[in-house]
**Q** 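The structure that follows is given in the form of structure tokens.
We count ligands from 1, going down the list as the structure has it; atoms in each ligand are counted the same way. Model, not experiment: these values are computed from the prediction. One is the number of the first residue; the rest follow in order along the sequence.
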Amino acid sequence: MKTILVAGAGGFIGGHLVAELLKLSEVRIRAVDKKPLSDWWQVHPRVESISLDLQKWESCLEVVNGVSQIYNLAADMGGMGFIEHNKALCMLSVLINTHLLLAAKESKVERFFFASSACVYAAGKQTRPDIPGLLESDAYPAMPEDGYGWEKLFSERMCRHFREDFGLIARMARFHNVYGPKGTWKGGREKAPAAICRKVIEAKLSGNHSIDIWGDGNQTRSFMFIDDCTKGSQMIMNSEIIEPLNLGSDEMVSINQLVDIAEEIGGVKLKRHYNLNAPKGVNGRNSDNTLIKEKLCWAPSIRLKDGLERTYAWIHDQMITNAPCPVY
Ligand code: NAD
């Protein structure tokens with residue numbers, strides 16, 4: 001029986017990934033996160049769940065013992081507001097990947113997966129809302145998102161060189177905006193889909209039918225539902241693809257269109273206030289899925305409307321039951 005380690009398992013994607021890995025036969029799962037277990041989004045029975053800080057070398061050495069595969073999803077991150085104001089914290093996640101890679105090498109781990117990000121892409125390729133999808137090659141010449149994006153790009157290179165120099169089988173996916181239930185929806189680390197759903201629900205519940213939007217609402221993005229993310233991550237992990245691969249939806253929408261969909265789900269129309277001083281990120285970003293389709297004969301396909309309905313319903317439940325949302 002092989003043991004799979006999920007680093008960052010107390011977080012949004014990690015919690016869902018553990019749930020999916022539990023469906024496999026003949027595997028043991030070790031889940032690790034620096035948060036106390038009470039703050040994990042999902043704690044699963046039949047999983048060894050450990051609270052440890054993976055920036056520390058000794059913690060990494062301890063948790064990789066006996067492990068054959070590692071999914072590294074642990075990082076200090078959040079939405080645009082968080083990453084623009086916490087560049088040093090985001091860059092310190094480099095310690096997690098460095099120590100995990102070294103520990104993986106020492107322990108002769110078979111496969112290593114690194115969760116990279118669309119934030120590695122060069123700023124010059126994302127200047128207009130109507131840009132074409134980003135190709136994997138658009139990450140160079142390098143000019144990624146300051147702080148968070150540089151850390152991701154550097155850690156991708158480290159994975160590559162551990163493969164080339166030490167023979168570690170390392171796989172990398174560049175996630176494009178992942179959303180879904182059981183993830184941060186308030187407190188400052190939430191991303192656009194959760195924030196917009198929450199604001200629409202707040203407006204409905206309070207009767208104050210207005211919404212605050214960051215930027216002019218014309219900036220474009222694509223959003224990948226969590227089920228596509230966990231499926232694609234496993235496919236990439238078990239593939240022979242050595243280069244970083246886009247893992248994202250190619251259904252590009254503007255933030256205004258995202259609000260339209262959330263309003264439609266909520267059955268409400270809101271007066272929009274645009275906060276032009278708020279962090280808004282690049283003007284346009286979408287995933288080009290040519291390579292993933294060619295390599296895996298698959299690409300994320302869950303429609304934004306369908307995924308957002310499920311996310312909206314879950315956030316609505318959290319709000320009306322006053323459920324806690326860990327703020328860390
Ligand atoms: P998340 O914040 O919900 O989960 C990350 C988890 O890592 C958190 O639970 C956090 O406590 C944990 N962590 C942070 N530092 C740690 C440390 N030193 N030791 C152990 N655990 C630590 O974020 P997520 O959305 O689940 O993202 C997972 C991964 O995917 C991250 O690497 C992120 O950068 C990447 N990613 C996510 C998105 C997205 O849209 N959600 C997009 C691109 C990339």
Side-chain angles (χ1 to χ4, degrees), residues 5-19 30-43 49-60 62-63 70-80 82-83 86 89-100 103 113-121 144-145 147-153 155-156 159 172-185 187-195 221-226 228-230 232-233 244 246-249 281 285 287 300 307 311 325-328:
L5 171 69
V6 179
F12 163 52
I13 301 173
H16 285 279
L17 181 65
V18 170
R30 186 172 297 155
V32 184
D33 200 287
K34 79 168 176 204
K35 293 186 295 200
L37 290 190
S38 55
D39 282 348
W40 291 27
W41 283 111
Q42 304 186 56
V43 179
S49 298
I50 306 169
S51 174
L52 268 183
D53 182 352
L54 295 173
Q55 286 195 5
K56 298 196 175 124
W57 162 241
E58 312 78 53
S59 308
C60 291
E62 181 183 331
V63 298
I70 298 175
Y71 284 89
N72 179 17
L73 303 165
D76 228 331
M77 62 94 63
M80 232 23 248
F82 180 83
I83 65 176
N86 294 277
L89 276 185
C90 290
M91 292 208 78
L92 279 169
S93 295
V94 77
L95 293 173
I96 304 173
N97 210 49
T98 309
H99 288 144
L100 266 183
F113 175 92
F114 174 59
S116 185
S117 164
C119 288
V120 300
Y121 284 113
E145 180 77 41
Y148 178 73
W150 276 108
E151 189 280 321
K152 291 292 187 191
L153 197 63
S155 289
E156 280 187 2
C159 289
M172 295 159 267
R174 291 178 181 155
F175 294 168
H176 290 244
N177 292 304
V178 191
Y179 72 99
K182 300 184 185 169
T184 306
W185 54 275
R189 289 198 190 231
E190 67 279 19
K191 308 193 95 188
R221 295 291 184 276
S222 70
F223 300 98
M224 168 168 58
F225 191 60
I226 183 66
D228 275 335
C229 179
T230 53
S233 298
N246 277 335
L247 183 55
S249 163
R285 177 178 289 167
S287 179
T311 310
C325 176
V327 178
Y328 49 94

**Q** Hey, which atoms in ligand 1 end up nearer than 4.0 Å to a heavy atom of Leu54?
**A**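 The atoms of ligand 1 under 4.0 Å from a heavy atom of Leu54 are 17 (C), 18 (N), 19 (N), 20 (C).
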**Q** Which pair of heavy atoms, one from Met91 and one from Trp150, lies closest together, and at what distance?
**A**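 In terms of heavy atoms, the two residues are closest at CE-CB, 3.8 Å.
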**Q** Report yes if some heavy atom in the side chain of Leu92 is under 4.5 Å from a heavy atom in the side chain of Leu95; otherwise report no.
**A**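 The answer is yes; the side chains approach within 4.5 Å.
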**Q** Would you call Arg174 and Glu156 a salt bridge, using N to O less than 4.0 angstrom?
**A**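 Yes, Arg174 and Glu156 are salt-bridged.
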**Q** Report the part of Ile96 in contact with ligand 1, treating N, CA, C, O as backbone and CB onward as side chain, heavy atoms under 4.0 Å; options are side chain, backbone, both, neither.
**A**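 The answer is the side chain.
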**Q** Would you please determine whether Gly183 falls within less than 4.0 Å of ligand 1 on a heavy-atom basis?
**A**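 Per 4.0 Å heavy-atom rule, Gly183 does not contact ligand 1.
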**Q** Say whether Leu52 and ligand 1 are in contact under the criterion: heavy-atom distance to a ligand atom below 4.0 Å.
**A**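 The answer is yes, since Leu52 has a heavy atom less than 4.0 Å from ligand 1.
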**Q** Measure from atom 22 (C) of ligand 1 to every heavy atom in Ala9, Ala74, Cys229, Gly15 and give the option owning the shortest one.
**A**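 Heavy atom nearest to atom 22 (C) of ligand 1 belongs to Ala74.
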**Q** If you measure from atom 7 (O) of ligand 1 to every heavy atom of Gly14, Ala75, Gly11, which option wins on shortest distance?
**A**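 Going through Gly14, Ala75, Gly11 one by one, Ala75 has the nearest heavy atom to atom 7 (O) of ligand 1.
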**Q** Mind running side chain to side chain contact (heavy atoms under 4.5 Å, CB included) on Ser117 and Glu151 for me, showing each step along the way?
**A** CA-CA 10 Å; Ser117 164; Glu151 189 280 321; over 6 Å; no
**Q** Give the atom numbers and elements of ligand 1 that come within less than 4.0 Å of a heavy atom of Gly8.
**A**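 Counting from 1, the qualifying ligand atoms are 6 (C), 7 (O).
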**Q** Please list, in number order, the atoms of ligand 1 under 4.0 Å from a heavy atom of Asp53.
**A**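 Near Asp53, meaning under 4.0 Å from one of its heavy atoms, ligand 1 has 17 (C), 18 (N), 19 (N).
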**Q** Which bit of Ser59 is near ligand 1, meaning a heavy atom under 4.0 Å away: side chain, backbone, both or neither?
**A**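 Answer for Ser59: neither.
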**Q** Going by the order shown, which atoms of ligand 1 are within less than 4.0 Å of some heavy atom of Lys35?
**A**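 Counting from 1, the qualifying ligand atoms are 9 (O), 11 (O).
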**Q** Using a 4.0 Å heavy-atom cut-off, which part of Asn177 comes near ligand 1: side chain, backbone, both, or neither?
**A**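 It is the backbone that touches ligand 1; the side chain stays farther off.
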**Q** Over 60° means perpendicular and under 30° means parallel, so classify the ring planes of Phe113 and Tyr71, tilted if in between.
**A**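 Tilted: the ring planes of Tyr71 and Phe113 meet at 30° to 60°.
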**Q** Can you tell whether the side chains of Lys34 and Asp76 come within less than 4.0 Å, N to carboxylate O?
**A**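 Salt bridge present between Lys34 and Asp76.
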**Q** Heavy-atom contacts under 4.0 Å between Lys191 and ligand 1: side chain, backbone, both, or neither?
**A**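 It is the side chain that touches ligand 1; the backbone stays farther off.
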**Q** Please check whether Ser117 reaches ligand 1 - meaning an N/O of the residue sits under 3.5 Å from an N/O of the ligand, judged on distance alone.
**A**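 No; every N/O pair is 3.5 Å or more apart.
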**Q** For ligand 1 and Val32, I'd like to know whether there is a polar contact (N/O to N/O, distance under 3.5 Å).
**A**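 No.
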**Q** So do Leu247 and Ser233 actually touch side chain to side chain, heavy atoms under 4.5 Å?
**A**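 With C-beta onward as the side chain, the pair touches.
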**Q** Only heavy atoms count here, so choose which of Phe114, Phe175, Tyr179, Tyr148 is nearest to atom 30 (O) of ligand 1.
**A**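 The nearest heavy atom belongs to Phe175.
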**Q** So, is Val178 polar-close to ligand 1, with some N/O to N/O distance under 3.5 Å?
**A**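 Indeed, backbone or side chain, Val178 has an N or O that close.
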**Q** Within ligand 1, which atoms have a heavy atom of Gln55 less than 4.0 Å away?
**A**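 Numbered from 1, ligand 1 contributes 18 (N).
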**Q** Is His176 close to Tyr121 at the side-chain level, that is, under 4.5 Å between some pair of heavy atoms?
**A**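 Yes, close enough: below the 4.5 Å cut-off.
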**Q** Dump the intermediate steps for side chain to side chain contact (heavy atoms under 4.5 Å, CB included) on His99 and Lys56, then the final yes or no.
**A** CA-CA 7 Å; His99 288 144; Lys56 298 196 175 124; 5.8 Å; no
**Q** Pick, from Cys119, Gly79, Ser116, the option with the minimum heavy-atom distance to atom 44 (C) of ligand 1.
**A**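 Nearest heavy atom to atom 44 (C) of ligand 1 lies in Ser116.
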**Q** Do Phe175 and Ile13 have side chains that approach each other closer than 4.5 Å (heavy atoms only, starting at C-beta)?
**A**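 In short, these two side chains touch, coming nearer than 4.5 Å.
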**Q** Where does Lys152 meet ligand 1, judged by heavy-atom distances below 4.0 Å: at the side chain, the backbone, both, or neither?
**A**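 Answer for Lys152: side chain.
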**Q** For a 4.5 angstrom cut-off between non-hydrogen side-chain atoms, does Tyr179 reach Ile226?
**A**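 The answer is no; the side chains never approach within 4.5 Å.
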